[in-house]
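Shown next, in structure tokens, is the structure this report addresses.
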Amino acid sequence: MRWSQLFIPTLRENPAEAEVASHQLLLRAGYIRQLSAGLYNYLFLAQRSLNKIQKIIREEMDGIGGQELFLPALNPAEIWQESGRWTGMGANMFRLKDRNGHDLCLGMTHEEVMTSVARGEVRSYRQLPQIWYQIQTKFRDEPRPKSGLLRVRQFIMKDSYSFDIDAAGLDAAYDKHYEAYCRIFKRCGLEFAAVEADSGAMGGSQSSEFMVRTDAGEDFIVHCPSTGYAANLEKAVSQPQPPAVPDPEGDLTPEEFHTPGFKTIDEVSAFTKLPQTSQIKSLVMAADGQPVMALLRGDHQLSETKFSAAIGGPKELRPATPDEMRGWLGADAGSLGPIGVKMRVIADAALEGRRNMICGANKDDYHLKNVTPGKDFKATYADIRQVVAGDTDVITGAPIDVYKAVEIGHIFKLGYKYSKAMGLSVLNAEGEEVTVIMGSYGIGVERILCAAVELYHDKDGIVMPASIAPFDVVITPVNIADAAQKEAAQALYEEAKKAGLDAVLDDREERAGVKFKDAELVGIPWRITVGKKLAEGKVEVSERKGKKSQDALLSEAIALVKAGI
RNA sequence: CGGGGCGUGGCUCAGCCUGGUAGAGCGCCUGGUUCGGGACCAGGAGGCCGGAGGUUCGAAUCCUCUCGCCCCGACCA
């Protein structure tokens, strides 16, 4: 292709609205343009990259026996009602009505549709196992789209679903996906980590997320370099640091004291001259409208995910409102505590065995000291605490890290959630009806592109991995008006195409600097510059990564690039 | 949904406080000179200042409402 004919609208300056590197660079390099919040036009370059990513995905999915389908993005409400997710998905699902007033939605994922396909057709264990996948547009009415392509309202997802007769079959399908995903991300040139994850609203037992480390990400990963333990913060476990000062000895009796205006843990800590680790933080939550108290050590944060699991996974979980707190406990947040309360109390495991601590008195501007969990109040202990940097590995005690990451893939063992709810069963060899066990496996296609840009860029632009770059090589005649250069460049371009390279000829009537800058911004992995050394029969071959270049004979240039890719 | 910010040629922004009828740089078009790292000269096109209402002799500028976008938080298969 000839650059002069292409639509590659590069910008010299960063658009004002872009914050993260991938957003800025994809805009500047002319890959994408925004249509609206969370909606992007994928221009020529983005489309080429996304096509390459999808090609890799298809090859690997086909490689594990996946069969590609294509299901409607527009779904009837009925199947979502059957699975219970019509209400479960809440406001995150785009909903609409057709002309007859029937409820429809735009699919966020396709468990329901896939299950409905299977239940109509799959009758016998002999037809299992199956792995079906599609590459489809998904819709989510995000409360806050952000960070360019990282969090959007419409995006491309490869989603696959496995159907098996038993748990061993599911395990095998899950493992196949795990390995295929590793190959996909590796082929896309990404450095990534597979981590233990919470299965959240998807339901199911086991799940792994594939994460790329970047500050632009929204997830936090807990990682122990010495043991290899890696998990999403929602799910991660660790050993907390010990309390900053030891608890007072003895079976002391709780004693009220006045704390005028001291509400936060920090304020009470400063007032009592006892560290945060000596305080009990009492949080009141409403679980399906019922009050539940969560207790944590003063310096710890509640993990809502763990807490939700600890109380049996309520449909709705939220912090209590100030009015609710006052009604239930007779005091405002800042003076609450577990003594004498009538609600369920879940205490974090880090409080077990502690004694003579400080907590709120359920009376405004009063706290209690000498409060001992177990003795002065009853609570169920559970791990409801969010891991923080500085904690240590639960088994070895080795230090752990917490870092930000973006999720590019997620695999789940769904179990029977959808097949049971929607009646997907087959006859086994004994002629008995058994419910099919399912898995579900997603990849965010654009997120691979974003992650690559986040990971690989420099001051001049994108350093796109060759496997997903829109072009392999750009042939750049320094001066297109020079007939010899023009001719040589044209010949090189033809040769590159014959050699199977995705080549573009930069035949624009621009100065060399402009063409170099654009090629670097866009992130084309290789450039062959046809310039003054042409007189000696030479051209310059340069690699975007590391900015290395060398002179090569005209006849050798293409082979050199080919070898590099 | 709470908090903050911003909407002025294609892009980045100035002008607004202190009303007087719109500017710069880049980009774009034409011609010329240049030609290995975002050239230079000359000429030119392009904006009813997000929208509506109001105040005023007069509104980009002041007031009210509204829409959109971005950021922080909440939320997030």
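Values below: all heavy atoms of this structure, side chains included; hydrogens, waters and symmetry mates excluded. To find a chain, count down the sequence lines: A is the first, B the second, and so on, and within it residues start at 1.
Separating the CE atom of A:M89 from the C1' atom of B:rC75 is a distance of 14 Å, rounded to the nearest angstrom. One can place CZ of A:F220 at 13 Å from P of B:rC75, the figure rounded to the nearest angstrom. In this structure, A:R318 atom CZ and B:rC76 atom C1' are separated by 19 Å, rounded to whole Å. In this entry the distance linking CZ of A:R153 with C1' of B:rG68 reads 11 Å, nearest Å. Here the C1' atom of nucleotide B:rC11 and the CD1 atom of A:I32 are 16 Å apart, to the nearest Å. A straight line from CG of A:L25 to C1' of B:rC11 spans 16 Å, rounded to a whole angstrom. Summarising the geometry, the separation between CG on A:L27 and C1' on B:rC69 is reported as 13 Å, rounded to the nearest angstrom. Whole-Å rounding puts the A:F307 CZ to B:rC75 P distance at 14 Å.
Remark: B:rA39 base-pairs with B:rU33; criterion is Watson-Crick or G-U wobble with both hydrogen-bond distances under 3.5 Å. The pairing partner recorded for B:rU64 is B:rA52, the criterion being a Watson-Crick or G-U wobble arrangement whose two distances lie under 3.5 angstrom. Across all strands shown, B:rG9 remains unpaired; no Watson-Crick or G-U wobble contact has both distances below 3.5 Å. Judged by Watson-Crick or G-U wobble contacts below 3.5 Å, the nucleotide B:rA59 has no partner. Base pairing of B:rC28: its partner is B:rG44, meeting the Watson-Crick or G-U wobble criterion (both donor-acceptor distances under 3.5 Å). Across all strands shown, B:rC72 is found opposite B:rG2 as a Watson-Crick or G-U wobble partner, with both distances under 3.5 Å.
Among the heavy atoms of the strands lying under 4.0 Å from A:E17 are primed sugar atoms or P, OP1, OP2 only; no base atom is included. Among the heavy atoms of the strands, none lies under 4.0 Å from A:T305. Looking at heavy-atom distances under 4.0 Å, A:P319 makes no contact with the nucleic acid at all. When heavy atoms are screened at a 4.0 angstrom cut-off, A:R151 is found touching base atoms of the nucleic acid.
When each of A:R527, A:R28, A:R544 is checked for a salt bridge (charged side-chain N to carboxylate O under 4.0 Å, His left out) with A:E520, only A:R527 meets the rule.
A gap of 23 Å separates the P atoms of B:rU18 and B:rA22, to the nearest Å. Going from the P atom of B:rU61 to that of B:rC49 covers 9 Å, rounded to whole Å. Between B:rG23 and B:rC16, the distance separating the two P atoms is 15 Å to the nearest Å. For the C1' atoms, the distance linking B:rG46 with B:rG9 amounts to 6 Å, nearest Å. Of the C1' atoms belonging to B:rG15 and B:rA24, the separation is 11 Å, rounded to the nearest Å. Comparing the C1' positions of B:rA74 and B:rG3 gives an interatomic distance of 11 Å, to the nearest angstrom. The same atom, C1', is picked in B:rU55 and in B:rG19; the two are 11 Å apart, to the nearest Å. Comparing B:rG68 with B:rU8, their C1' atoms are spaced 15 Å from each other, to the whole Å.
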Each nucleotide of nucleotides 28-41 of chain B classed B (base within 4.0 Å of a protein heavy atom), S (only sugar-phosphate) or -, in 5' to 3' order, makes ------BSBBBB--

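In this structure, A:F412 and A:H410 have parallel ring planes: the angle between them is below the 30° cut-off, well short of the 60° mark. Taking the six-membered ring for Trp and thresholds of 30 and 60 degrees, A:F210 and A:Y181 have ring planes inclined between 30 and 60 degrees apart.
Of the listed nucleotides (B:rC76, B:rC71, B:rU12), B:rU12 has the atom at the smallest distance from the side chain of A:A16. Closest contact between the side chain of A:K146 and the listed nucleotides B:rC75, B:rU12, B:rC72 involves B:rC72.
Salt-bridge check for A:K413 with A:D171: passed, with a basic side-chain N closer than 4.0 Å to an acidic carboxylate O. Residues A:E543 and A:K548 are paired through a salt bridge, judged by an N-O separation under 4.0 Å between the basic side chain and the carboxylate. Ionic pairing of A:K538 and A:D551 is not present here: no N-O contact between side-chain nitrogen and carboxylate oxygen is shorter than 4.0 angstrom.
For the residue pair A:T476 / A:D506, no side-chain donor-acceptor distance below 3.5 Å is found, with atom types taken as modelled. Donor-acceptor pairing under 3.5 Å is lacking for the side chains of A:H110 and A:Q136. Between the side chains of A:Y441 and A:K176, no donor-acceptor pair of N or O atoms lies under 3.5 Å.
Side chain of A:Q34 to backbone of A:S36: a donor-acceptor contact under 3.5 angstrom is found.
Taking side-chain N and O atoms only, A:R144 has no distance below 4.0 Å to OP1 or OP2 of B:rC70. OP1 or OP2 of B:rG68 has not a single side-chain nitrogen or oxygen of A:Q34 nearer than 4.0 Å.
Toward the 5′ end of RNA chain B lies the nearest nucleotide of A:S147, the other residue of the pair A:S147 and A:G442 mapping further downstream.
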